[in-house]
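See below for the structure under consideration.
Just so it is clear, the values below take in all heavy atoms, side chains as well, and ignore hydrogens, waters and symmetry mates. Every chain is numbered from 1, with letters handed out A, B, ... down the list of sequences.
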There are 2 protein chains.
Amino acid sequence: MKIGQATIKDIARELNVSSSTVSRALKDYPGISDETKRKVKELAEKLNYRPNAIALSLRKSRSYTIGVIIPEVVHFFFSTVISGIEEVAYSRGYNVILTQTNEKLAREKSSIETMLSNQIDGFLVSYSKETEDFEHFSKLLDQGFPIVFFDRVPAIPNAINVMVDDYKGAFDAVTHLIHQGYERIAHLAGPKSLMISKERERGYRDALANHGMEINPEYIIECPVGTDDESQRITKDLFQNLEQKPDAFFANNDMAAVGAMLACKAMGLRIPEDVGIVGFSNWQFCSMIDPSLSSVAQPGFNMGAKATEILLDIIEKKIEASEIELPVTLDTELLVRKSSVRLKS
Amino acid sequence: MKIGQATIKDIARELNVSSSTVSRALKDYPGISDETKRKVKELAEKLNYRPNAIALSLRKSRSYTIGVIIPEVVHFFFSTVISGIEEVAYSRGYNVILTQTNEKLAREKSSIETMLSNQIDGFLVSYSKETEDFEHFSKLLDQGFPIVFFDRVPAIPNAINVMVDDYKGAFDAVTHLIHQGYERIAHLAGPKSLMISKERERGYRDALANHGMEINPEYIIECPVGTDDESQRITKDLFQNLEQKPDAFFANNDMAAVGAMLACKAMGLRIPEDVGIVGFSNWQFCSMIDPSLSSVAQPGFNMGAKATEILLDIIEKKIEASEIELPVTLDTELLVRKSSVRLKS
DNA sequence: TTGTAGGCGTTATCAT
DNA sequence: ATGATAACGCCTACAA
């Protein structure tokens with residue numbers, strides 16, 4: 001036995017047959033005698049033969065590998081998405097190549113190049129915060145290269161976008177706060193540059209309007225960074241500066257919600273009695289903090305799974321990219337916990 | 001221009017030279033006229049030529065891809081490790097193929113097979129909870145295949161293991177609890193199958209012994225799953241069944257610590273006054289819960305980065321596997337927060 | 001039922 | 001300074 005992996009040739013030589021015979025025998029092609037098949041398979045087993053996927057890729061111009069480009073792995077939401085991607089890809093026999101952009105456009109571009117060099121069959125992309133021009137994507141789309149965007153999706157022609165219904169998630173959350181009797185609901189908003197932030201704010205506004213409540217611009221504060229520290233500071237400022245103190249917060253994300261909660265507690269306010277809070281994303285810690293944090297759950301795993309299914313269907317030509325109903329929108333779910341419930345039901 | 005990617009042949013044909021010339025020109029080999037180089041590069045640029053990494057892999061029997069096998073992506077610690085892996089791999093020109101085992105041995109094995117088929121250059125592994133026999137790894141190690149284990153590392157010959165100093169982390173944590181005057185310190189232990197669990201328990205035991213404190217077997221409870229639900233239940237049972245109630249918990253991980261905290265609060269016990277708690281891993285939520293949770297921080301990013309550096313050094317034969325000082329151990333850091341401090345300093 | 005030959009894209013080796 | 005050829009491992013149309 002030679003060094004390294006056994007190949008079809010090795011088997012062929014040892015059995016005094018041609019490599020085509022071995023190839024066919026291994027795949028149970030018709031027209032190979034049972035005797036030969038048996039011998040080939042036996043030896044393959046013995047030599048621990050393993051097909052060389054690289055050679056196959058070269059031959060078929062297909063790598064059975066998809067590339068995933070995300071801003072950051074260390075982000076609960078994205079890690080759930082990856083998990084969904086990985087599940088579906090694995091079950092359908094695909095590999096997943098992963099790169100994170102760290103929110104850098106340059107890295108996004110270079111990762112794309114590398115992956116294309118590696119003959120990946122398609123992309124799953126959530127683009128970086130720096131990305132404002134989508135030329136590098138639309139060029140590929142125009143060539144018919146399979147790409148599915150998720151969460152952070154571009155407004156360009158032919159893009160297949162998988163996203164959650166941020167508007168409805170926000171609308172539901174604020175409606176819930178209203179039903180709980182909160183009357184001065186503030187919104188800790190996200191960066192205006194992302195569509196998801198705008199959609200959540202729109203949901204907030206519409207929920208208020210829908211109940212005949214006034215929209216107070218002072219109650220809408222942008223939290224560009226999105227950390228709990230930031231929103232703690234912002235919340236404190238808000239209570240100091242405003243005549244009419246808010247009695248509830250709907251936050252663009254859970255970190256911001258936690259910041260608001262900590263700030264309120266520090267000011268001696270009780271949650272949910274004095275102040276109600278709802279976050280967005282349903283990070284793991286929501287159920288672990290005290291009081292537990294109500295939040296709008298985003299189906300990260302499903303989003304990853306769904307995006308991957310669509311991508312693989314396109315790659316395998318089970319569906320035409322053009323016949324997908326766009327955009328693909330997944331439902332959020334409002335998880336009501338203690339931080340926002342003050343009425344007995 | 002033909003469909004799909006331009007190849008060296010396309011360039012060669014168009015320029016009426018041989019493909020070898022093109023190949024050499026692109027790589028600035030000596031013995032190619034500047035004129036030719038210029039023309040080749042120009043056309044390559046124009047045709048948007050991109051080398052086919054698959055063909056290269058086949059030729060060189062090297063894929064410049066490493067395989068990462070981890071239990072779960074949705075796990076703060078692992079996601080930081082991945083981040084570190086990805087950073088180093090990217091900067092050194094390697095791709096990262098990722099699979100999660102979901103703690104299943106069967107999946108671990110099949111992922112290995114798939115990756116080997118894909119001719120990856122080496123593995124980074126943190127094995128599943130089901131894995132008790134390391135035959136599938138040692139077989140590869142014996143063949144000289146590069147593998148670096150991290151976090152969950154096996155006790156087998158020749159394995160290169162990158163881990164944190166779990167023993168010292170645990171020792172420090174428990175010592176801190178003792179210094180805070182806690183006297184009946186329980187340990188929510190991890191699955192016995194993992195070395196990290198055993199090391200942490202050893203640190204716990206030695207810290208107690210070191211202060212002349214008795215080790216009560218009833219205070220050491222295994223939490224096989226490691227969720228907060230599980231440890232809530234376990235903590236409640238403990239308080240019901242034991243004559244001598246514990247007054248502190250050192251948990252094998254943060255989730256378990258949170259469970260203990262919630263259970264104690266539910267029983268009306270104050271933290272840290274009545275019960276002190278220290279977790280392990282320093283998940284993001286530690287600073288967000290109330291009271292904030294003391295925890296032993298593991299350098300996840302560094303661990304991923306370090307493991308990758310070693311792996312790539314071995315792959316590139318910059319070092320011999322045998323000359324690495326084993327095991328590679330990274331320091332933990334005890335982050336003292338409110339959950340374990342009841343003495344004025 | 002089996003073998004032969006060519007090719008996927010690239011590069012190393014040996015000519016010219 | 002450049003070309004021809006073979007090889008990496010596999011598959012498949014065609015031949016026998």
Expressed in angstrom and rounded to an integer, what is the separation of [X] atom [atom1] from [N] atom [atom2]?
X: B/K60; N: D/dA7; atom1: NZ; atom2: C1'; value: 14 Å
X: B/I32; N: C/dT11; atom1: CD1; atom2: C1'; value: 13 Å
X: A/D10; N: D/dC8; atom1: CG; atom2: P; value: 10 Å
X: B/R13; N: D/dG3; atom1: CZ; atom2: P; value: 14 Å
X: A/L58; N: C/dT11; atom1: CG; atom2: C1'; value: 13 Å
X: A/I8; N: D/dT12; atom1: CD1; atom2: C1'; value: 12 Å
X: A/L15; N: C/dT1; atom1: CG; atom2: C1'; value: 15 Å
X: A/I54; N: C/dG7; atom1: CD1; atom2: C1'; value: 17 Å

**Asked** When all nucleic acid strands are considered with a 4.0 Å heavy-atom cut-off, which category describes A/T36: base, sugar-phosphate, or nothing?
**Response**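 If one applies the 4.0 Å heavy-atom cut-off, A/T36 turns out to touch the sugar-phosphate alone, with no base involved.
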**Message:** What's B/N16 touching, base or sugar-phosphate or nothing? Going by heavy atoms closer than 4.0 Å.
**Reply:**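 Contact class for B/N16: sugar-phosphate only.
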**Item:** Mutual orientation of the aromatic rings belonging to B/F137 and B/F149 [parallel < 30°, tilted 30-60°, perpendicular > 60°]
**Value:**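 Ring orientation of B/F137 relative to B/F149: perpendicular.
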**Request:** Anything under 30° is parallel, anything over 60° is perpendicular, the rest tilted; go ahead and classify B/F150 against B/F78.
**Result:**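 The rings of B/F150 and B/F78 stand perpendicular, inter-plane angle above 60°.
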**Prompt:** Counting only heavy atoms not in B/E320, do more than 12 fall under 6.0 Å of its CD?
**Reply:**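 Open.
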**Prompt:** Is there a residue in residues 18-28 of chain A whose heavy atoms reach under 4.0 Å of DNA chain C, and which residues are they?
**Reply:**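 Heavy-atom contacts with DNA chain C come from A/S18, A/S20, A/T21, A/R24.
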Out of [options], which nucleotide sits closest to the side chain of [X]?
X: B/A55; options: C/dG9, D/dT12, D/dG3; answer: C/dG9
X: B/S33; options: D/dC11, C/dG9, D/dA1; answer: D/dA1
X: B/N52; options: C/dA12, D/dC11, C/dG9; answer: C/dG9
X: A/Y49; options: D/dG9, D/dC10, C/dT11; answer: D/dC10

**Short side-chain N/O contact from A/K37 to OP1 or OP2 of C/dT1, under 4.0 Å** =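 Checking C/dT1 against A/K37, no side-chain N or O comes under 4.0 Å of OP1 or OP2.
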**Request:** Please check the phosphate of C/dT2 (OP1 and OP2 only) for any side-chain N or O of A/Y29 closer than 4.0 Å.
**Result:**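 Result: no.
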**Asked** Taking for each residue the nucleotide of DNA chain D with the nearest heavy atom, is it B/R59 or B/P30 whose nucleotide lies nearer the 5' end?
**Response**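 Whichever sits nearer the 5' end wins; that is B/P30.
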**Prompt:** Between A/I147, A/D133, A/I156, A/N158, which is the residue that forms a side-chain contact (heavy atoms from CB on, under 4.5 Å) with A/S138?
**Reply:**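 Answer after filtering A/I147, A/D133, A/I156, A/N158: A/I156.
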**Asked** Below 6.0 angstrom between ring centroids: does that apply to B/F76 and A/F76?
**Response**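 No; A/F76 has its ring centre 6.0 Å or more from that of B/F76.
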**Request:** Taking A/S117 for its side chain and B/P51 for its backbone only, find out whether a donor-acceptor pair lies under 3.5 Å.
**Result:**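 A pair under 3.5 Å: yes.
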**Message:** As a quick check of understanding, evaluate side-chain contact (heavy atoms from CB on, under 4.5 Å) for B/S110 and A/Y90, giving each step before the final call.
**Reply:** CA-CA 10 Å; B/S110 85; A/Y90 175 82; 2.4 Å; yes
